[in-house]
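What you are looking at is a predicted structure, and each value in this text was computed from that prediction instead of being measured. Each chain gets a letter, A, B and so on, in the order the sequences are listed, and its residues count up from 1.
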There are 2 protein chains.
Amino acid sequence: MQKPEKNTDNGDQDRDFSVLFAALGDPTRLAIFDRLADGRPRSISALSDDADMTRQAVTKHLRVLEAAGLVQNHRVGRESQYAFCPDQLAEARAYLDQVAGRWESALMRLKTFVEDGEA
Amino acid sequence: MQKPEKNTDNGDQDRDFSVLFAALGDPTRLAIFDRLADGRPRSISALSDDADMTRQAVTKHLRVLEAAGLVQNHRVGRESQYAFCPDQLAEARAYLDQVAGRWESALMRLKTFVEDGEA
DNA sequence: TCATTATGCAACTAAAAAGTTGCGTATTTG
DNA sequence: CAAATACGCAACTTTTTAGTTGCATAATGA
């Protein structure tokens, strides 16, 4: 519990990926995102038809996804079309890959260490 | 907003990945998880030293990560060691890969459609 | 034009999450 | 043994999140 005033270093990592995961960390939102991955943009009403909650609730979820950059919105006529947005997904994947990579390296180092028998 | 009583089909997907993302969807938890990726198990106290919150708060976060299967815990002596657990990370990655894959396919189909000129 | 459809905004409730504090109990260690 | 360390449990407060309801407005279509 001691810290040098302010922790400005995220271990050479400038971005906060938790907001991305938080956006995907709700069953309704993940379902919507998953569904939009087929490439077809959908209106709020269309997306609400399959969710067992009000349109307003779905709207809020969509805004969370949009704020995270996982979907894009543009209005056409009277309806608001939400579309899949691949960039942040790619970033999330890259981050997880990087974590997995670090873990793998750690395993390798341990393996080498054991094989060389410096117990 | 109409549904056939109960939606038991997740589109051929049996698992709920949102719990995994929810576990990573908090800055403190993600930082802990990220840190443990170096392979070194750490005690609760050790992990609390870098977080600007109480030990109890960190304990709760660790339990969320553990419940999601992202870390493992085993007690040694008076301290409780938390260690990185790669399996669920792999699952999360696989899921995101699958979503990205579906998106790519959708792009391909659109491209072919346009190239063949059936406007 | 008039009813319908699609949406937005605001206020609200309810429930879950994040975090704290106090206290009790093992386990080390000097 | 006595102090210090590491932790667990339980109760509590605070903040966020999820979701609802009511109402207003813009766009469509018969």
Side-chain angles (χ1 to χ4, degrees), chain A residues 1-3 6-7 16-36 40-83, chain B residues 1-3 6-7 16-36 40-83:
Chain A
M1 202 79 122
Q2 28 97 308
K3 274 209 317 181
K6 215 168 192 180
N7 201 355
D16 180 19
F17 288 98
S18 72
V19 305
L20 225 45
F21 295 125
L24 298 176
D26 174 276
T28 304
R29 282 196 295 268
L30 188 58
I32 292 176
F33 183 67
D34 190 285
R35 199 144 153 251
L36 290 175
R40 300 178 34 184
R42 288 174 181 80
S43 71
I44 298 178
S45 309
L47 290 167
S48 300
D49 286 347
D50 303 82
D52 52 352
M53 65 187 67
T54 61
R55 169 184 55 91
Q56 283 303 326
V58 173
T59 298
K60 286 193 182 180
H61 282 303
L62 284 169
R63 290 191 177 156
V64 172
L65 287 171
E66 187 182 19
L70 290 163
V71 301
Q72 251 179 334
N73 161 258
H74 80 117
R75 188 120 187 197
V76 41
R78 68 179 158 183
E79 55 190 32
S80 173
Q81 300 274 121
Y82 278 86
Chain B
M1 201 81 119
Q2 30 98 310
K3 273 211 317 181
K6 215 169 193 181
N7 201 356
D16 180 19
F17 288 98
S18 71
V19 306
L20 225 45
F21 295 124
L24 298 176
D26 174 275
T28 304
R29 282 197 295 268
L30 188 57
I32 292 176
F33 183 66
D34 190 285
R35 198 143 157 252
L36 289 176
R40 299 177 35 182
R42 287 172 181 82
S43 72
I44 298 179
S45 309
L47 290 167
S48 300
D49 286 347
D50 302 81
D52 51 352
M53 65 188 68
T54 61
R55 168 184 57 90
Q56 283 304 324
V58 174
T59 298
K60 286 194 182 179
H61 282 302
L62 285 169
R63 289 189 178 157
V64 172
L65 287 171
E66 187 182 19
L70 290 163
V71 302
Q72 252 179 333
N73 161 260
H74 80 117
R75 187 119 187 198
V76 41
R78 68 178 159 185
E79 56 188 31
S80 175
Q81 300 275 121
Y82 279 86

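- Separating the CG atom of A:Leu24 from the P atom of D:dT17 is a distance of 15 Å, rounded to the nearest angstrom.
- Atom pair A:Ile44:CD1 and C:dG8:C1' shows a separation of 9 Å (rounding to whole Å applied).
- Straight-line distance from the CG atom of A:Asp52 to the P atom of D:dA18: 15 Å, rounded to whole Å.
- At distances below 3.5 Å, at least one donor-acceptor pair connects side-chain atoms of A:Arg29 with backbone N or O atoms of A:Ala23.
- Nearest-nucleotide mapping onto DNA chain D: of A:Thr28 and B:Ser43, the residue sitting toward the 5' end is B:Ser43.
- Proximity of B:Arg29 to the phosphate of C:dA17: no side-chain N or O atom is located under 4.0 Å from OP1 or OP2.
- Looking at every heavy atom in both residues, A:Leu30 comes nearest to A:Leu24 through CB-O, 3.6 Å.
- For the pair A:Ala46 and A:Arg42, the tightest heavy-atom approach, listed with the atom from each and the gap, is CB-CB, 4.3 Å.
- Distance CD (B:Gln81) to P (D:dC7): 8 Å, rounded to an integer number of Å.
- What you find for B:Val19 and B:Asp16 is that their closest heavy atoms are CG2-O, 3.5 Å.
- Environment of CD in B:Glu66: crowded, with over 12 heavy atoms of neighbouring residues, nucleotides or ligands closer than 6.0 Å.
- Considering every non-hydrogen atom in both B:Arg55 and B:Ser48, the closest pair reads CA-OG, 3.6 Å.
- Atom CE in A:Met53 sits roughly 21 Å away from atom P in C:dT13 (whole-Å rounding).
- Neither OP1 nor OP2 of D:dC7 sits under 4.0 Å from any side-chain N or O of B:Ser80.
- Heavy-atom distances under 4.0 Å link DNA chain C to A:Arg63 of residues 61-72 of chain A, given in residue order.
- For the pair A:Lys60 and A:Asn73, nearest-nucleotide mapping onto DNA chain C gives the more 5' position to A:Asn73.
- Note: CZ (B:Arg42) to P (D:dA6) measures 15 Å, nearest angstrom.
- Residues A:Leu62 and A:Asn73 have side chains not in contact (no heavy-atom distance under 4.5 Å, counting atoms from C-beta outward).
- The 12-atom threshold is not exceeded at CD of A:Gln72, counting heavy atoms of other residues, nucleotides or ligands nearer than 6.0 Å.
- Pairing each heavy atom of A:Leu36 with each of A:Ala83, the nearest pair is CD1-C, 4.4 Å.
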Below 3.5 Å is the cut-off: list the nitrogen or oxygen pairs between protein and nucleotides 22-27 of chain D, distance only.
residue	atom	partner	partner atom	Å
D:dA27	N3	A:Arg78	NH1	3.4

